Amino acid sequence: MSGEVKLSASRIPKVARKKAESISVPRPTARYMRDTKSGVIASRVAPLTSHREDVRRSWSRAAGLAMDMIQNSGRLKGATDQVLADTVGVGLTLSPDPDMTGLGFDDVEKAEWIRTVKRRWNAYWKNASECEMRGKLTGPQMVDIGLRWHIAYGEVTGVFDFFADDRRRKYGLTTGTKLRLYPPARLVQDTNDFEGLYQGVRHDENGRAVAYRFQTSASGLKQTRDFAAFDADGRPMVMHIFDPMDSEDVRGISQLTPAFRKHIQAEMLDDATLQMAILQTVFAITLTSEAPSQDAYEALEVLKESDGGTSYAQEYLGFLGAQLDRAAESRISVGADPQVSHLGPGEKLGLETARVPGQDFLPFSNSLARDMARAIGCTYGALTMDYTDATYASVRMENSSIWPVVLRRRERIAAPMCQMVYANWLDEEIGEGRIPFKGGYKAFRAHRDRVSAANWQGPAKPTADDQKAARASSERLQNGTSSIAIETGDLGVDPDALFEQRQREHQRYVDAGMESPYAAKDHQPIIETEPAP
């Protein structure tokens, strides 16, 4: 009799039941951090911490590593110089853009006032005695140092000072506004939450910086000193510029920090490859000989003990001795003066070639270089000077992708340095009457920020083909999609200075009775016709 047998769970053996329960069928899930069977995500521990705490813990170590790498790597030193050249060139050019609305200036007076400001600013900014407290650095040099600090330390720090009449007479100076750059390493790491002090920066109840604690040196003795962030009239007295990553960041950190591991790996790869190549080169000379080894000599000794073997062994040893004597007269020298005079009978000299670097060396090395270039903010070609596979399209795309990075660095780091000094200097110039202003210093102080507004022109945007770039610029102007100010800005030229120069030179040609190259010309449309057969 057949029938269906049903087993209850209680009748299933315990071992089998446990085995069945241990086998779980994976269920499809959709969520963040879903790992693979290899557990690659779980193997990487990454606790969530405050970014400013990470900066505080790592700042000194990162700064030391960054400075060591830049000082001991020609590639990084060159990349740093390239960043300076791309961002500021030989120096940023002042282009005042004051808002004179309601201050009684018409267009002619405003233009004349701007020309006066430019002329006096250039004389001040390029004179080390006038703009720097120690009288050693010009304004463009201080900006260069600030950009180097931005790469190595992640921030730019300095303190403003004001020379009164007695100190001005001592050094023969006209202005009193002076800036002294303090290395960011001198901004102490002291932290005290009860005092609102974090990494050397003291804050008020609203989180605004009120003082900075620097390590100074007086008469050979090191001491710490607090500098007020602003004076009684609201003028900045401390320069602290950095590019924050988080809203709560207080200090910056080296731009090279994310690339430390890759750069060290690249150095290790280069060193290992070079050592392998040297070893293979030194031991790549082989001497092949038919002379018997130690085993052959031992066999001859055994042969002597046999009947009649003594005479044969003696003859063979004599033959080998003659070969060795002949070989002893030859000379093989490997060094600064290599020589191969003569080889013994049956000997052959072979030269081997080094087998490193292998075919994977360049791709891997280039990958490491690209990682470093992205961290610094320059192109791969600028970092390595390698344009082997570069084309017009690739170079143009490379420049187009890096140019916004350059502009951002100019606006966030270099330009604020210049603007902070310019605002304090203009305040003094108007306050002491060297630059006239309608309504006097009182009217200026009431509108200080909008009167001190300015733009800072840098070097021209790099192009892969100047002719094509110029043609594109002309087409944009003709189509009405651009302006002279925009196009000259890409060239690093002040549009007002360009206009005044063209006007001045045009009038010079006209006064001399010569045809001016700037005279208006009737542009006739160019009609392309088919060539005659």
Side-chain angles (χ1 to χ4, degrees), residues 46 49-88 142-158 181-187 189 199-200 239-246 249-272 364-386 398 401-414 416-417:
T49 59
S50 170
H51 184 262
R52 73 171 190 171
E53 280 294 315
D54 290 341
V55 172
R56 184 181 65 85
R57 294 190 185 99
S58 307
W59 195 95
S60 298
R61 177 63 173 159
L65 281 173
M67 288 299 297
D68 177 74
M69 290 180 179
I70 293 175
Q71 292 173 348
N72 292 281
S73 172
R75 173 178 289 185
L76 287 185
K77 173 60 170 58
T80 303
D81 293 340
Q82 187 65 52
V83 166
L84 268 61
D86 293 342
T87 308
V88 299
M142 288 193 285
V143 175
D144 288 349
I145 292 174
L147 286 173
R148 289 191 180 97
W149 285 354
H150 172 64
I151 296 174
Y153 299 113
E155 54 190 355
V156 185
T157 51
L181 293 179
Y182 275 94
R186 302 274 290 275
L187 184 58
Q189 300 291 320
Q199 272 191 286
M239 175 182 290
H240 185 212
I241 301 171
F242 66 98
D243 192 5
M245 178 178 177
D246 190 79
D249 283 355
V250 177
R251 299 279 299 271
I253 195 167
S254 172
Q255 300 294 296
L256 303 181
T257 304
F260 282 158
R261 181 165 56 90
K262 290 296 184 69
H263 180 74
I264 294 174
Q265 287 176 343
E267 287 189 341
M268 294 174 64
L269 175 65
D270 291 342
D271 290 343
F364 184 62
S365 177
N366 294 343
S367 175
L368 297 178
R370 287 186 175 91
D371 189 273
M372 177 60 71
R374 293 303 298 170
I376 296 175
C378 65
T379 64
Y380 167 78
L383 177 67
T384 62
M385 302 301 292
D386 179 17
E398 191 178 48
S401 64
I402 204 65
W403 185 244
V405 178
V406 174
L407 292 180
R408 184 181 182 278
R409 184 167 52 232
R410 183 185 301 166
E411 291 296 322
R412 302 291 178 84
I413 306 299
M417 288 186 64

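This structure is a prediction, so every number in the text was calculated from the model and none was measured.
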Would you say that [X] contacts [Y] through its side chain, given a criterion of any heavy-atom pair below 4.5 Å between the two side chains?
X    : Y    : value
R408 : I413 : no
V55  : Q199 : yes
I253 : S58  : yes
I376 : L76  : yes
R52  : D246 : no
Q265 : L368 : yes
R410 : L407 : yes
H150 : V83  : no

To check you understand the geometry: which heavy-atom pair defines the closest contact between [X] and [Y], and what is its length?
X    : Y    : result
D386 : Y380 : OD2-OH, 3.3 Å
M417 : M239 : O-CE, 3.7 Å
A152 : M67  : CB-SD, 3.5 Å
A79  : L383 : CB-CD1, 3.5 Å
T87  : V406 : CA-CG1, 3.9 Å
I151 : S254 : O-OG, 3.0 Å

(request) Please list, chain by chain and in numerical order, all residues satisfying salt bridge (Lys or Arg N to Asp or Glu O under 4.0 Å) with R75, sequence neighbours excluded. (result)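 Checked R75 against salt bridge (Lys or Arg N to Asp or Glu O under 4.0 Å); zero matches.
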
(message) Please enumerate all residues that pass salt bridge (Lys or Arg N to Asp or Glu O under 4.0 Å) together with R57, with sequence neighbours excluded.
(response)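 Salt bridge (Lys or Arg N to Asp or Glu O under 4.0 Å) list for R57, sorted by chain: E53, D54.
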
(request) Nearest 0.5 Å please: distance from the OG1 atom of T379 over to the CD atom of E398. (result)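 One finds 4.0 Å between OG1 of T379 and CD of E398.
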
(request) Look up atom OG in S367 and atom CE in M372, then write down how far apart they are to the nearest 0.5 Å. (result) 12.0 Å

(request) Output every pair passing salt bridge (Lys or Arg N to Asp or Glu O under 4.0 Å) with a member in residues 250-266, not counting sequence neighbours, ordered by first then second residue. (result)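 Output for this query lists E155-R251, K262-D371.
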
(request) State whether D81 and K77 are salt-bridged, where the test is any N-O pair (Lys NZ or Arg NE/NH1/NH2 against Asp/Glu carboxylate O) under 4.0 Å. (result) yes

Whether [X] side chain and [Y] backbone form a donor-acceptor pair below 3.5 Å:
X   : Y    : result
W59 : G252 : yes
N72 : D68  : yes
S73 : I70  : no

(request) For side-chain contact (heavy atoms from CB on, under 4.5 Å), just list the numbers for T384 and R370, CA-CA rounded to whole Å, side-chain angles, deciding distance to a tenth of an Å, and then say yes or no. (result) CA-CA 9 Å; T384 62; R370 287 186 175 91; over 6 Å; no

(message) Take a 6.0 Å sphere around CZ of R374 and say whether it holds more than 12 heavy atoms from other residues, nucleotides or ligands.
(response) no

(message) Pair R409, D86 - check salt bridge (Lys or Arg N to Asp or Glu O under 4.0 Å), show working.
(response) CA-CA 10 Å; R409 184 167 52 232; D86 293 342; 5.2 Å; no

(request) Quick one: sort the Y153 and W149 rings into parallel, tilted or perpendicular, breaks at 30° and 60°. (result)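 Taking W149 first and then Y153, their aromatic rings stand perpendicular (interplane angle over 60°).
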
